[in-house]
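Heavy-atom basis, side chains included; hydrogens, waters and symmetry copies ignored. Below, read A as the first sequence line, B as the second, and so on, with proteins coming before strands; counting in each chain starts at 1.
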Amino acid sequence: AQENKIIILATTTSVQDTGLLDVLLEKFTTETGYTVKPIAVGTGQAIKLGMNGEADILWVHSPDDEKKFVEEGYGISRTTFMHNDFVLLGPANDPAGVKTAKSITNAFKIISEKAVLFVSRGDQSGTHKKELKIWKIAERTPNKEKYVEVGQGMAATVRIADEKQAYCLADRSSYLSLKKNLSLTILFENDKNLLNLYSLIPVNTQKFSKVNEKGAKILLDFLLSAKTKEIVENFGREKYGQQLFFYDYEVKK
Amino acid sequence: MDFIFDGIKKAIELIFSLDRDILDILRVSLLVSISATAIAVLIGVPSGAIIAIKKFPLKKILISLINTGMGLPPVVIGLVISLFLFRNGPFGFLQWLYTVKGMILAQVIIALPIIIGLTVAAFQSVDKKMYLQIIALGANTSQSIIILLKEIRLSVLAAIIAGFGSIISEVGAVMMVGGNIKSQTRVLTTAIVLETNKGNFDFAIAIGLILLVMSFIVNLTLTYIQQKNRRD
Amino acid sequence: MDFIFDGIKKAIELIFSLDRDILDILRVSLLVSISATAIAVLIGVPSGAIIAIKKFPLKKILISLINTGMGLPPVVIGLVISLFLFRNGPFGFLQWLYTVKGMILAQVIIALPIIIGLTVAAFQSVDKKMYLQIIALGANTSQSIIILLKEIRLSVLAAIIAGFGSIISEVGAVMMVGGNIKSQTRVLTTAIVLETNKGNFDFAIAIGLILLVMSFIVNLTLTYIQQKNRRD
Amino acid sequence: MIEINNLTLNLSKSFCLDIKSLHIQDKEIFSVIGPNGAGKTTLLNILSLFENPETGRVIIFGKDILKQNDVLSYRRRISYVFSRPYLFNNTVENNVAMPLRLRGKNSESKVNEMLKLFKIEDLKHNNALKLSQGQMHRVSLARAFVSEPELVFLDEPFLSLERLYKEQLMTEIRKIIKNRGITALFVSQDQNEALCLSDRIAVMKEGKILEIGTPEQVFTSPSSKEAADFIGIETVAEGIIFKKEDNLCSVRVKSKVIQVISELNVNEEVIVLIRPQDVVVSKHKEKTSARNVFKAIIIHIESWGLEYKVRLDCGFDLLAFITKQSMKSLKLKEKDEVFISFKATAIHLIKR
Amino acid sequence: MIEINNLTLNLSKSFCLDIKSLHIQDKEIFSVIGPNGAGKTTLLNILSLFENPETGRVIIFGKDILKQNDVLSYRRRISYVFSRPYLFNNTVENNVAMPLRLRGKNSESKVNEMLKLFKIEDLKHNNALKLSQGQMHRVSLARAFVSEPELVFLDEPFLSLERLYKEQLMTEIRKIIKNRGITALFVSQDQNEALCLSDRIAVMKEGKILEIGTPEQVFTSPSSKEAADFIGIETVAEGIIFKKEDNLCSVRVKSKVIQVISELNVNEEVIVLIRPQDVVVSKHKEKTSARNVFKAIIIHIESWGLEYKVRLDCGFDLLAFITKQSMKSLKLKEKDEVFISFKATAIHLIKR
Ligand SMILES: Nc1ncnc2c1ncn2[C@@H]1O[C@H](COP(=O)(O)OP(=O)(O)OP(=O)(O)O)[C@@H](O)[C@H]1O
Ligand SMILES: Nc1ncnc2c1ncn2[C@@H]1O[C@H](COP(=O)(O)OP(=O)(O)OP(=O)(O)O)[C@@H](O)[C@H]1O
Ligand SMILES: [Mg+2]
Ligand SMILES: [Mg+2]
């Protein structure tokens, strides 16, 4: 049988929107001759594609879902290989006063108490899951009247928060790329609960015979290599003046 | 395949559960699509009639532009309308962004070229001699449009049906201008996108089915009006 | 507002830069939209004509269903087609998912109800007596369709223009079925969504403008064919 | 009422309308007759502003209609019956009421009057598109007269009507037009229709007007062979019915009395038509069933196609066609005194 | 060729077509005449399968057309000229060629032949929608005959044609139909057209057939007053031209010779039409310009509306209308011997 040269990568829009994916995949294709079809969709949808055997490998950022996915046998392994972080955005005048919060959980508590507008993605994405988790840790429920669930991607959510002069949680890379048209600023950052971890999960061939196991392995190897590390660590410096993603995987020499 | 059967099951469940969320979505959808269709028809049909009837320079170019408007990507319309309605945009003071009003505006703009373009074609298809007969009887412009409308009801209703179809199925612009805000501006199409993104394919199909049933009822009514008393 | 001027500037830059990415997008867009329109016309116009001409039971219901099809949300179509084309789905063996073929299929399905529905209306608007004259002259069904087509070219072209418009502007289904893969299945509309998501509004508008220009050229041609030799 | 001067319109390589001068009086019934493609319909289209002439002036209601702005109010003063009228997908009644509704002055009684006149009362509630040809034409005539226009253009209005009704209708329409003081421009290829209806007639061919005159002038002495060929020739005289017994009318024509079978009433003014074919010329007065026998003087003899056309004076001008053989055997020559006879049943009377 | 039995169709409250029996022979020219709304067009619509009757059998080409499946090949053997024909947005030439193209056998020469016959060669390249009424009608006639149908249905085909051409065309069409062996069903409200064209005539009114017969039968002895009123009455006799001098033809009718002005040629078979109005009855033979004087016996006298209808035998059957006054003064009664005369120019000949 002919070797399947096509790899389906199910990923999330946030990975695609920064442009990192394009850079990596171009390199991958020229090196290996494999064609990758990156399907950038919502986190939930990406995982669903994996659960149906419609993707060969996942690149997502929703740790709880990922663990469940691997536990249930849909994924072979889960490798958390890079991260960036989330930031809390809000109006520059910070009506709730979260700038001085001690932690992100504290900031969320303040938001809930001061009953300021908060815009949530509300789409079961990695970011949304993260937000829900923080609410949980903070032991608060958002103020119903002031909680706006938009059910859209990061860019739209930030945009709406900006228009409504509301608070919202966003990943840093999205914020940086949208920053030029925004009046919102970062009001809180750098908390351990704000880490945004990206993992790679090859889909289990045992469950789905049509999965391109070999291709997935090659792509996984490529993404977990020194070359990738270098690209990731340099990505975005030119455009945004800072590093967007931090590579965590210990590359073997 | 199973998704489709699951979808049907879920759709029935959803409707009979009288889930508040679903009811909200249905309410907003009906409000937006019916108002937008009504406004687009009230503006589009008379304009189309006048463009078809009157002679003026650059008429063909204008018709081409309108026809091009049928191919305006909703996302672009959504984007441009948003730019105008942004708080700092020229019409920010209206405070229409992320409201039902803004969504209706977007839908009207999307449906207008379709309704105008097809109405122009409908009026232009009228036998010239029928038109001459009408004005020979002493009709002024608006009277002749009304008389012609009765005679070509069939094609004008087709234009309206197509306009309604584009409105009810459109997602890009309402998503952008409305914001898909739960209980406020979430409509059937944006809910479908959301559920799809969440990976809830069966749920997405269920909402799709609800949309189709709603649109089928509207269309059945329009189609019966259209096909009634056909000239044959 | 500035976005719009920036968009225009950027659009001009983009086109003259002959950027590979943009050229790829243009190529795929043209390929998909023109093939889809052609296929939808070849299937839709004859079917519409036959539905309009023939008498059969439940004709009104069928027409209502077709009209409802004009309001099929592209996302639902995209989703359902994806479910069918998934490699584990019933038509997975075709390997059409995330390919241009799949996108054309989706577009054809979206445009068909519009083209069929409007063609039915166009043929039904024909004066019954003209049709009787044609068959009195000895035309068989396909001959009479061809003769009628010439006589009602104007409204059938309006149907085609509307179909093309829905195809060129559609994003939900191509996004889902095509996957918006760079250089392969990325088209103008999906690129606009991507750029909007990236916050590059000017870029999004620039691509939108390119799309409009392309669609204007196609429409100008179609409109001139439509308006040429009008019966007046 | 209508003054047309130097009107030209080039419609195609082969056809150019070119009317030097045509003046129609107020309250006149004017007919334009001519063969197919003569330009009759084109003329009406220009007068109702559906066609734009290249040059020319057309003065109607005192204004140059080609230059006026208020086309609507002009159109509301006229009615134009197309040769192929369009009816609307509605009842006959509503079709007829349409011009009134458009002018914002509906009147059921006027509509009913028209329905009656055109014998379509019974079809009142029928769909106008489901009528026979002739019925449709009646609806369109009713629709044209209901709005009480000042000026009507009629393009072949009687074409699809049955003969008997047509003859009756022409008299009725003439009456309406005259009573209401309407000016009418009537177009037909049928010279008999024109004769019955009109005060004056123009003969048109290939876009040009060949003849204009009263029916008498046009029918008895057409100035061109073309016109004569088209119209045929008859004796046309004016008279009045002064006595009537059992439908045998005595009609005074100038100094003579002729007897005619007719249903018209005493004291009606009439046009008397006598076909030259029906006039018998003899040398002596004889006893026949022909009730009209007069002494006459031959004024002029002229070869006319297969026969001779003999112009006689028998108190009024009269034409007779006589075969060459008869001519020879009777040895007729100009200034001869002869007897002419024609039957009371062979004469056609038209009410004025 | 056509056998219609018990055909009924209820079109509206006020109209129901009801034809008990109508048989049309192969190669016959059959006319249906009748007033507006008689159901003439409806009959043709049923025969061309555009209208579905409620009951009845219609056998054409040996099959019951109401039950056959192959409608297309039936339609390709017939031609139907609508009273309001539709032309297509194309040249006259292409319009005429259409039936041939549809049958896959285009022939330029056939098209040209038709264009010539209907005098529209000059309009060949004109757009058919930019023609005058009469020109359009000619195109539709050309289009009907070009495909060499076996059966033609003609609905008022001569309506908008100018008189002179119409008369000429009727003779031509009769010739074509007879030469090609076509069966023709012709519909008109004009009894003269029917008379000139047809072998047999049916008179229709209110959906029913009142009379069927040869022109002689129908025109001379209609069996109902209704039919008679509609058609008018004439003497119709068959004859043959056996001599011709200078257009004065001698026509033998039974044992008699009558003299007629006509352009027809020697040896042609003709129908002789004499209007009862034109026949002069006198007690003695007299010298007049009337060339036809015969001794006759009065067979029957009958009051006929305003006059008397007198049936005479002068070698052939002849009708005369005589005023009541003449009747009195001449003291006519049945079996009287009289002289009748009519002018050579007052007779109409139709070629068979
Ligand atoms: N729209 C047009 N474009 C070009 N030529 C035309 C147009 N309409 C009419 N004609 C030509 O002009 C001439 C006059 O046409 P018109 O209709 O005035 O004739 P008409 O006298 O009314 O004849 P008919 O008795 O047949 O109705 C004809 O030769 C016709 O072919
Ligand atoms: N589609 C229809 N539905 C209902 N009634 C109809 C329809 N078509 C015709 N009629 C009626 O049937 C009768 C016969 O119509 P038809 O057209 O056969 O008459 P016709 O003899 O051809 O008359 P004309 O000489 O006026 O053309 C008329 O009274 C007419 O009103
Ligand atoms: Mg005309
Ligand atoms: Mg008829």
Supply the atom-to-atom distance B/Leu118 CG to C/Ile114 CD1, rounded to the nearest 0.5 angstrom.
9.5 Å

With heavy-atom distances below 4.5 Å as the criterion, would you say the side chains of B/Met176 and C/Thr196 are in contact?
yes

Determine whether C/Leu211 and B/Pro73 make a side-chain contact, defined as any pair of heavy atoms from C-beta on separated by less than 4.5 Å.
yes

Examine whether an atom of B/Tyr224 lies under 4.5 Å from a heavy atom of chain C, and if so say whether it belongs to the side chain, the backbone or both; otherwise answer neither.
side chain

What are the two closest heavy atoms between C/Ser169 and B/Gly71, and how far apart are they?
CB-O, 3.4 Å

Is there a side-chain contact (heavy atoms from CB on, under 4.5 Å) between B/Val76 and C/Ile192? Walk through the geometry before answering.
CA-CA 8 Å; B/Val76 173; C/Ile192 292 171; 3.5 Å; yes

Would you give the length of the straight line joining atom CD1 of B/Ile63 to atom CG of C/Leu220, rounded to the nearest 0.5 angstrom?
11.0 Å

For B/Lys60, is the NZ atom crowded, meaning more than 12 foreign heavy atoms sit under 6.0 Å from it?
yes

Name the region of C/Leu79, side chain, backbone, both or neither, that has any atom closer than 4.5 Å to a heavy atom of chain B.
side chain

Please evaluate residues C/Thr223 and B/Ile66 with respect to the criterion side-chain contact (heavy atoms from CB on, under 4.5 Å), reporting the C-alpha separation (whole Å), side-chain torsions for both, the decisive distance (0.1 Å), and the verdict.
CA-CA 10 Å; C/Thr223 306; B/Ile66 292 167; over 6 Å; no

Rounded at 0.5 Å granularity, tell me how far CD1 in B/Ile168 sits from CE in C/Met70.
14.0 Å

Non-hydrogen side-chain atoms of C/Ile152 and B/Ser125 separated by less than 4.5 Å:
no

Just verifying a value: how many Å separate C/Leu212 CG and B/Leu72 CG, rounded to the nearest 0.5 Å?
5.0 Å

Report which part of B/Ile77 has an atom under 4.5 Å of a heavy atom belonging to chain C: side chain, backbone, both, or neither.
neither

Here the gap from B/Ser166 atom OG to C/Glu170 atom CD, rounded to the nearest 0.5 Å, amounts to 13.0 Å

Based on non-hydrogen pairs under 4.5 Å, which of C/Ile61, C/Leu132, C/Ile161 is most in contact with chain B?
C/Ile161

For C/Ala121 against B/Leu154, the heavy-atom pair lying closest together:
O-CD2, 3.1 Å

Leading residue by heavy atom contact count with chain C [cutoff under 4.5 Å; candidates B/Thr189, B/Val193, B/Leu65, B/Val171]:
B/Leu65

Chain C contact via B/Val80 - side chain, backbone, both or neither, heavy atoms under 4.5 Å:
side chain

Does C/Phe216 CZ have over 12 foreign heavy atoms under 6.0 Å away?
yes

Which atom of B/Asn219 lies closest to which atom of C/Ser64, heavy atoms considered
CB-O, 4.0 Å

Working to the nearest 0.5 Å, report the span between CG of C/Asn67 and CG of B/Leu157.
9.5 Å

